[in-house]
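Source: prediction; values computed, not measured. Below, each value reflects all heavy atoms present in this structure, side chains not excepted, and no hydrogens, waters or symmetry copies.
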Amino acid sequence: MAMTKNMRRFLAAVDELMDRPMGTEGMGLLWGEPGEGKSTSIAYVVNAMDGIYARAMSSWTVTSMLGYLCRELGGQRMLRRADMVDFIVEQLAENKRPIFIDEADHLFDKPKKFEMAEALRDIYDISGCPIILCGMEDIARTVQAHGRFARRITQWVEFTGIDLDDARAVADELCEVGVADCLLAHLHSSARGNIGRMVIGLSKIERMGKASGIGRVTHEQWGDRELFYDQPIFTTRPTRNGG
């Protein structure tokens with residue numbers, strides 16, 4: 001796992017939530033555009049801190065969310081929501097563990113009236129255990145508009161594109177062939193610092209380097225090969241009357 005600046009900020013934020021002074025709220029929010037490495041970072045922190053991980057789904061209801069958390073804590077789904085909340089809180093009282101909810105945008109679906117977010121708020125209020133949500137670029141605005149929830153969040157972490165130094169760290173960590181500075185700069189610029197796109201490009205560079213027996217690939221050797229698997233761009237289909 002490459003320790004990028006984004007990753008270090010997130011680790012520090014979760015550390016602060018775990019060791020926060022009494023009276024300080026303990027919820028966190030991580031957000032960013034697709035491909036910024038949020039889910040990978042959460043997976044790392046969950047393992048490092050013995051956290052509880054859940055990926056929210058569009059099909060979730062409060063009952064299915066609570067049932068999932070019960071199973072993650074060694075229990076079973078129950079008939080009554082209140083019983084599941086009691087079980088979750090009891091388990092967290094015995095062993096204080098942070099809860100991470102990935103794809104948390106689904107918690108704020110308007111048709112479901114934020115019921116899942118409210119149920120999580122109850123668990124947090126009673127247990128005091130940190131809850132960290134992770135979502136797409138618009139979730140921060142959504143949460144801010146949900147005032148009772150937003151005031152409990154004291155760690156707001158946005159993942160943005162990585163810089164060239166972090167790009168070097170990622171390349172050295174993930175790519176099994178060397179990537180020359182000139183090619184790395186080309187990849188970083190083409191990916192606009194998006195770590196997800198950079199990982200795709202590095203995998204293609206690695207494959208090319210191994211196939212060609214090149215230990216360190218330069219921009220000149222790479223040439224004008226495609227770095228990503230982008231979708232085709234379609235032009236507007238002309239109408240029958242030529243419009």
Side-chain angles (χ1 to χ4, degrees), residues 1 3-34 36-56 60 62 65-66 68-69 72-73 85-86 88-110 112-162 166 195:
M1 181 78 190
M3 278 294 154
T4 63
K5 296 177 183 67
N6 282 338
M7 185 65 202
R8 286 197 289 270
R9 286 194 298 116
F10 183 50
L11 269 172
V14 177
D15 267 338
E16 286 205 29
L17 292 175
M18 293 297 291
D19 297 324
R20 68 189 189 277
M22 186 173 293
T24 303
E25 297 287 2
M27 296 186 76
L29 179 66
L30 170 64
W31 78 97
E33 294 185 355
E36 298 291 7
K38 303 182 296 296
S39 295
T40 303
S41 298
I42 280 190
Y44 178 86
V45 177
V46 166
N47 287 327
M49 297 192 172
D50 190 26
I52 301 159
Y53 173 83
R55 182 201 182 280
W60 263 15
V62 174
M65 180 188 75
L66 294 176
Y68 186 95
L69 292 175
E72 287 295 302
L73 287 163
V85 170
D86 288 344
I88 293 167
V89 170
E90 287 171 7
Q91 295 302 308
L92 293 176
E94 292 178 8
N95 185 11
K96 187 177 180 180
R97 301 169 63 191
I99 296 175
F100 296 82
I101 308 289
D102 201 0
E103 303 288 343
D105 311 74
H106 295 303
L107 304 181
F108 298 92
D109 288 344
K110 284 185 178 178
K112 297 175 184 175
K113 301 177 182 177
F114 308 138
E115 288 181 338
M116 287 186 284
E118 290 298 326
L120 273 180
R121 186 171 64 87
D122 289 340
I123 291 170
Y124 163 73
D125 284 350
I126 300 170
S127 72
C129 279
I131 294 179
I132 298 96
L133 308 182
C134 174
M136 303 302 285
E137 61 269 32
D138 292 331
I139 193 173
R141 291 190 183 89
T142 303
V143 169
Q144 273 192 326
H146 196 54
R148 286 188 300 177
F149 203 96
R151 76 173 184 80
R152 289 165 170 78
I153 296 178
T154 51
Q155 294 294 329
W156 301 74
V157 180
E158 180 181 12
F159 270 19
T160 56
I162 62 175
D166 283 342
I195 192 171

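A side chain to side chain contact (heavy atoms under 4.5 Å, CB included) with E115 holds for exactly one of V62, D109, L107; it is V62.
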(request) Begin with the C-alpha distance, continue with both residues' side-chain angles, and end with the deciding distance and a verdict on side chain to side chain contact (heavy atoms under 4.5 Å, CB included) for T40 and M1. (result) CA-CA 9 Å; T40 303; M1 181 78 190; 3.9 Å; yes
(message) Apply side chain to side chain contact (heavy atoms under 4.5 Å, CB included) to residues L133 and L120 and explain how you reach the verdict.
(response) CA-CA 10 Å; L133 308 182; L120 273 180; 4.1 Å; yes
(message) Apply side chain to side chain contact (heavy atoms under 4.5 Å, CB included) to residues M65 and I101 and explain how you reach the verdict.
(response) CA-CA 10 Å; M65 180 188 75; I101 308 289; 5.5 Å; no
(request) Under the ring-ring contact (aromatic ring centres under 6.0 Å, His included) rule, what do F108 and F149 come out as? Steps first, then yes or no, please. (result) CA-CA 11 Å; F108 298 92; F149 203 96; 5.5 Å; yes
(request) Could you check R20 against T154 for side chain to side chain contact (heavy atoms under 4.5 Å, CB included), going step by step and ending with a plain yes or no? (result) CA-CA 10 Å; R20 68 189 189 277; T154 51; 5.6 Å; no
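We find that D50 and R97 are joined by a salt bridge, their nearest charged nitrogen and carboxylate oxygen being less than 4.0 Å apart.
In this structure, M27 CE and D125 CG are separated by 8.5 Å, a value rounded to the nearest 0.5 Å. The CG atom of D138 lies 8.0 Å from the CG atom of D105; values are rounded to the nearest 0.5 Å. Here the CD1-CZ distance, from I126 to R121, works out to 10.0 Å after rounding to the nearest 0.5 Å. The distance from atom CD1 of I162 to atom CG of N6, rounded to the nearest 0.5 Å, is 8.0 Å. A distance of 8.5 Å separates CZ in F159 from CD1 in I195, rounded to the nearest 0.5 Å. In this structure, CD1 in I88 is found 11.0 Å from CG in D122, a value given to the nearest 0.5 Å.
When all heavy atoms of P130 and K96 are compared, the pair lying nearest together is CD-CE, 4.1 Å. Pairing each heavy atom of I42 with each of C134, the nearest pair is CD1-CB, 3.2 Å. The two atoms that bring R9 and V157 nearest to each other are NH1-CG1, 3.7 Å, heavy atoms only. Contact between L17 and E25 at its shortest, heavy atoms only, is CD2-O, 4.4 Å. Between L29 and I153, the shortest heavy-atom distance links the atoms N-CG2, 4.0 Å. Summarising the geometry of H106 relative to M116, their closest heavy-atom pair is O-CE, 3.3 Å, with the distance given to 0.1 Å.
Considering only heavy atoms from C-beta on, W156 comes within 4.5 Å of Q144 through its side chain. Within the 4.5 Å cutoff, no side-chain heavy atoms of W31 are placed close to those of V143. Looking only at side-chain heavy atoms (C-beta outward), C129 and I99 stay at 4.5 Å or farther from each other.
Without hydrogens or angle criteria, N47 side chain to A43 main chain gives a donor-acceptor distance under 3.5 Å. Side-chain N or O atoms of R8 include one that pairs as donor or acceptor with a backbone N or O of M3 at under 3.5 Å. The main-chain N or O of E158 is never found under 3.5 Å from a side-chain atom of K38 such that the two would form a donor-acceptor pair.
Within a 6.0 Å sphere centred on OH of Y53, heavy atoms belonging to other residues, nucleotides or ligands number more than 12.
Between W60 and Y68, the two ring planes are tilted [angle within 30° to 60°].
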